[in-house]
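As structure tokens, the structure follows; a few thoughts come after it.
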Amino acid sequence: MVVAAAAAGLLRPPVLPGCGQGGRPLSGAARRTGAGVALALLSACCFGTGGAATKVLGEAGLTPVQISQARLSLAGVPLLVVALIRSPRGLRVAPRDWPVLAALGAGSFAGVQTLCAISVARIPVGVYVVLQFLAPVIVVVWLRLLRGVRQPAPVWLGTALVVAGLLLVGQVWSGLRLDGVGVLTALGAAVALSLRFLLAGRALARRDATAVTALGVSAGAVVVDLARPVSAFPYRRLGAPARVGEVTVVPVWAVLLWTAVVSTLLACLCALAAQRFLAPATASVLSTVEVAAGSGTGLLLLGERVTAVQGAGIGAVLVGAALAQLRAGPTRTVRARWRRAA
């Protein structure tokens, strides 16, 4: 809880002694940037473990809806508490804000988690994470075609690299070696994730990121709970064994707790804290480390391997996503338009 509180900004991070070039102490700006980078990387690694944990839960007998229900419900309550402490006014929702928050919760949070559970049951976790990172490309295309936001040439170069990387990952020249349903649900998760990028800016026009995340996760939990009542959850399965790798066996409740606390709660809080120290473009690029984290946990915990060609595709996606996000147009203009529209 101390780590979570520090990540959320409730506790000030300690000022650690450090030296710059020539033995001179690091400036305050350098320390803040270093803290932001560390928090962003920790957030990406925490998010990256979610795919492997979700796959373990699916193999233990939980359905995608049940996994999403437990993950969002367990993470939503602590996030609401943090938001209530930090910015209680941000939790006040006017009737005109309900559609945006409902779409954010249902599409972005509940949709991504449920589609993730379906996808990772059929394709490797690392491949799923790569396909999910098609979301920035969807956002770029949507802004250009529907909002008329022009992007510089490097953004389109990065977009082309992402598409080329995805083709390599899927090895389409071999008749698509990946499971079709797994690929389609991963692409659906990318669409749902793009909704988060597009809708969150509108929600952030009236409240801070902590409140938006807490309300979004909670709304997603409510949507899943309405689709499947909490009373129907298979609580007896919580003590059942879940196999991680070839020999390790842990109870289902421990894996569920990991997905909720580490892969969702801690990941979100670290991402929010990183935004206080880093520019949006920098934070976005660092988030692509989630691809490496997802592939790594899939390899270490589940023994999933990717071919050399697929590895090259993953690298192309990372470079393309970084290039597109670093060179994308300023977010202030878009956010100003959202404020005027609101």
Side-chain angles (χ1 to χ4, degrees), residues 44 46-59 62-68 71-72 106-142 159 161-198 220 224 259 263-264 267 284 287-299 301-302 304-307 309-318 320-321 324-325:
C46 289
F47 275 126
T49 64
T54 298
K55 190 161 192 169
V56 170
L57 291 172
E59 293 175 348
L62 295 183
T63 67
V65 173
Q66 291 167 351
I67 296 171
S68 178
R71 182 174 180 175
L72 294 175
S108 181
F109 288 99
V112 168
Q113 303 305 330
T114 304
L115 292 170
C116 169
I118 297 173
S119 182
V120 296
R122 296 173 174 271
I123 62 176
V125 173
V127 176
Y128 161 77
V129 178
V130 171
L131 293 174
Q132 179 187 262
F133 264 84
L134 188 62
V137 176
I138 296 174
V139 171
V140 168
V141 174
W142 186 89
T159 300
L161 280 174
V162 170
V163 174
L166 293 175
L167 294 177
L168 290 175
V169 169
Q171 297 186 22
V172 293
W173 59 88
S174 301
L176 194 64
R177 293 184 178 181
L178 299 175
D179 181 88
V181 175
V183 171
L184 289 176
T185 49
L187 293 176
V191 174
L193 184 61
S194 67
L195 290 177
R196 183 181 306 177
F197 298 145
L198 295 170
V224 178
T259 62
S263 302
T264 306
S284 298
S287 71
T288 60
V289 174
E290 182 183 343
V291 175
S295 300
T297 53
L299 174 63
L301 301 181
L302 306 177
E304 295 180 343
R305 298 181 182 275
V306 296
T307 66
V309 173
Q310 289 174 325
I314 291 174
V317 170
L318 286 171
Q325 293 177 78

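Excluded from the calculations below are hydrogen atoms, water molecules and symmetry mates; all remaining heavy atoms, backbone and side chain alike, are included. Just so you know, residue 1 is the first one in the sequence shown, and it goes up from there. Not measured: the values here are computed from a predicted model.
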Check whether any side-chain heavy atom of V112 lies under 4.5 Å from a side-chain heavy atom of Q132, and answer yes or no.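 SC-SC contact between V112 and Q132 confirmed.
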
For S263, check side-chain contact (heavy atoms from CB on, under 4.5 Å) against everything at least two apart and list the hits.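 Applying side-chain contact (heavy atoms from CB on, under 4.5 Å) to S263 gives T49, R71, W258.
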
From [atom1] ([X]) to [atom2] ([Y]), nearest 0.5 Å:
X	Y	atom1	atom2	result
I118	L184	CD1	CG	11.0 Å
I67	T259	CD1	OG1	8.0 Å
L131	T185	CG	OG1	9.0 Å

Quick one: does S119's side chain have a donor or acceptor within less than 3.5 Å of a partner on L115's backbone?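 Between the backbone of L115 and the side chain of S119 there is no qualifying donor-acceptor contact (under 3.5 Å).
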
Residues that S68 engages under side chain to side chain donor-acceptor pair (under 3.5 Å), provided they are two or more places apart: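 Side chain to side chain donor-acceptor pair (under 3.5 Å) check on S68 returns T114.
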
I need the minimum non-hydrogen distance between [X] and [Y], along with the two atoms involved.
X	Y	answer
A192	G107	CB-O, 3.1 Å
T297	A52	OG1-CB, 3.9 Å
G51	C116	CA-SG, 4.5 Å
K55	I123	NZ-O, 3.4 Å
A110	G220	CB-O, 3.7 Å

